[in-house]
Asker: 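Please see the structure below; I have some questions.
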2 protein chains.
Amino acid sequence: MKHSINAEYKSGMAFDIDVMGHNVRVDASPEHGGTGSGPSPKPLMLAALAGCTGMDVVSMLDKMNIKFDEFSVKVDGETAEEHPKKYLRMNAAYRFKGKNIPHDKVEYAVKLSIEKYCGVMAVYKESVEMSHSIEITE
Amino acid sequence: MKHSINAEYKSGMAFDIDVMGHNVRVDASPEHGGTGSGPSPKPLMLAALAGCTGMDVVSMLDKMNIKFDEFSVKVDGETAEEHPKKYLRMNAAYRFKGKNIPHDKVEYAVKLSIEKYCGVMAVYKESVEMSHSIEITE
């Protein structure tokens, strides 16, 4: 499948990016010469990962008929200090809230996303040290 | 440097992602079980690349005192047909509009971003076949 996005330069460090008909504004923070009118681009890599694996997990838990009250994916990334300041490590923390959520099935869904389904993960894990955790609370 | 983002599940396939204080909504398209209330996550990888390398280039051209009227970065990505449906190839098309834009200096700025500065590129090029083009029109 082919995907296309187009980033139009606006002013300063700001770009408006058309992503499938939705506008995503990116900008540098004031300390990096921008005005902070949008997120900086690199953390969008973390957002792509959270969304991709999050949707995989939601979809699998739905098929397994597992209910939850809340679900979030927090992704932390640590960049190199020298150029290119790429992510060296990322951690994805899967957090669930709800009653009687079976840990083994959640773990299975997360594992399937990480190892088989998530196309974002498949690219990152070739060059970034990836880790994850699962937390379930009532 | 450490970056953190947090994706909160909303409903269907939709997540609201806090990226440095800015909300980025992602959703699956209707044909993939979502409502299309935001872009799907994978193309955010392309947006991250466009923003990252675009800012590098703007910043270098500014230092070289090179003016332009318009600038955009279009990124195309082609995914695998089988799981994990990761990007196999990406192309970044740098497009400039303006009078007397020196091609060699623009090429130098793009090359520096691709080879040295862009941290997003540095991750992708380990596992994705990357290409680019430069177009300058008056």
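In what follows, chains are A, B, ... by sequence order, proteins preceding strands, each numbered from 1.
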Asker: Give, as side chain, backbone, both or neither, the part of B:I17 having an atom under 4.5 angstrom from any heavy atom of chain A.
Answerer: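 The side chain, not the backbone.
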Asker: Are A:V120 and B:Y87 packed together at the side-chain level, in the sense that at least one heavy-atom pair is separated by less than 4.5 angstrom?
Answerer: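 Counting from C-beta outward, A:V120 and B:Y87 never come under 4.5 Å.
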Asker: Which one wins on heavy-atom pair count under 4.5 Å against chain B: A:A93, A:C52, A:S113, A:A47?
Answerer: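 Greatest number of close heavy-atom pairs with chain B: A:A47.
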Asker: State the CD-CE distance between B:E78 and A:M1, to the nearest 0.5 angstrom.
Answerer: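 So the CD of B:E78 and the CE of A:M1 are separated by 11.5 Å.
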Asker: Can you tell which part of B:S29 gets under 4.5 Å to a heavy atom of chain A, answering side chain, backbone, both or neither?
Answerer: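 Contact with chain A: none, neither part.
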Asker: Would A:V75 and B:S4 satisfy side chain to side chain contact (heavy atoms under 4.5 Å, CB included), going step by step from the backbone distance to the final call?
Answerer: CA-CA 6 Å; A:V75 180; B:S4 288; over 6 Å; no
Asker: At a 4.5 Å cut-off on heavy atoms, which part of B:V128 comes close to chain A: side chain, backbone, both, or neither?
Answerer: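 The answer is the side chain of B:V128.
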Asker: Counting N and O atoms only, with roles assigned by atom type, does the side chain of B:S127 sit under 3.5 Å from a partner on the main chain of A:E126, one being a donor and the other an acceptor?
Answerer: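 It does not hold such a pair.
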Asker: Counting only non-hydrogen atoms closer than 4.5 Å, does B:Y117 touch chain A with its backbone (N, CA, C, O), its side chain (CB onward), both, or neither?
Answerer: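 Both the backbone and the side chain of B:Y117 come within 4.5 Å of chain A.
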Asker: For B:E82, does the CD atom sit with more than 12 other heavy atoms under 6.0 Å from it, leaving out its own atoms?
Answerer: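 Result for CD/B:E82: open.
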Asker: For A:Y9 and B:V73: C-alpha separation, side-chain torsions, deciding distance, then whether side chain to side chain contact (heavy atoms under 4.5 Å, CB included) applies.
Answerer: CA-CA 8 Å; A:Y9 177 65; B:V73 185; over 6 Å; no
Asker: Considering residues at least two apart in sequence or located in another chain, which fulfil the salt bridge (Lys or Arg N to Asp or Glu O under 4.0 Å) criterion with A:K2?
Answerer: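 Salt bridge (Lys or Arg N to Asp or Glu O under 4.0 Å) list for A:K2, sorted by chain: empty.
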Asker: Would you mind checking which part of B:E81 comes under 4.5 Å of any heavy atom in chain A, side chain (CB onward), backbone (N, CA, C, O), both or neither?
Answerer: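 Contact with chain A: side chain only.
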Asker: Using every non-hydrogen atom in the two residues, find where A:K86 and B:G119 come nearest and quote the distance to one decimal.
Answerer: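 Closest heavy-atom pair between A:K86 and B:G119: CB-O, 3.3 Å.
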Asker: Do you know which of A:A14, A:G21, A:A50, A:G54 has the most heavy-atom pairs with chain B at a distance under 4.5 angstrom?
Answerer: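 Max contact count across the listed options: A:G54.
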Asker: Using side-chain heavy atoms (C-beta onward) and a distance below 4.5 Å, is B:P84 in contact with A:K116?
Answerer: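 A side-chain contact is absent here, since even the closest heavy-atom pair is not under 4.5 Å.
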Asker: With chain A as the partner, which of B:M20, B:M121, B:M55, B:K74 has the greatest number of non-hydrogen pairs under 4.5 Å?
Answerer: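 Heavy-atom pair counts peak at B:M55.
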Asker: Is the shortest side-chain heavy-atom distance between A:L46 and B:H3 below 4.5 Å?
Answerer: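 A:L46 reaches B:H3 side chain to side chain.
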Asker: Quick one: what part of B:H83 sits under 4.5 Å from any heavy atom of chain A, side chain, backbone, both or neither?
Answerer: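 Both parts, heavy atoms under 4.5 Å.
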Asker: Quick check for you: among A:K10, A:K85, A:M13, which has the greatest number of heavy-atom pairs under 4.5 Å with chain B?
Answerer: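 Most heavy-atom pairs under 4.5 Å with chain B: A:M13.
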Asker: How far does CD1 of B:I5 sit from OG of A:S72, to the nearest 0.5 angstrom?
Answerer: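 Interatomic distance, B:I5 CD1 to A:S72 OG, rounded to 0.5 Å: 9.5 Å.
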Asker: Relative to chain A, which segment of B:C118 carries a heavy atom at a distance below 4.5 Å: side chain, backbone, both, or neither?
Answerer: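 Contact with chain A involves the backbone of B:C118 alone.
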Asker: May I ask you to list the residues in residues 37-45 of chain B that approach chain A closer than 4.5 angstrom, counting heavy atoms only, ordered by number?
Answerer: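 Within residues 37-45 of chain B, near chain A: B:S37, B:G38, B:P39, B:S40, B:P41, B:K42, B:P43, B:L44, B:M45.
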Asker: Ignoring hydrogens, what is the shortest heavy-atom contact between A:V26 and B:G51? Give both atom names and the distance.
Answerer: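 Shortest heavy-atom contact: CG2-CA, 4.2 Å.
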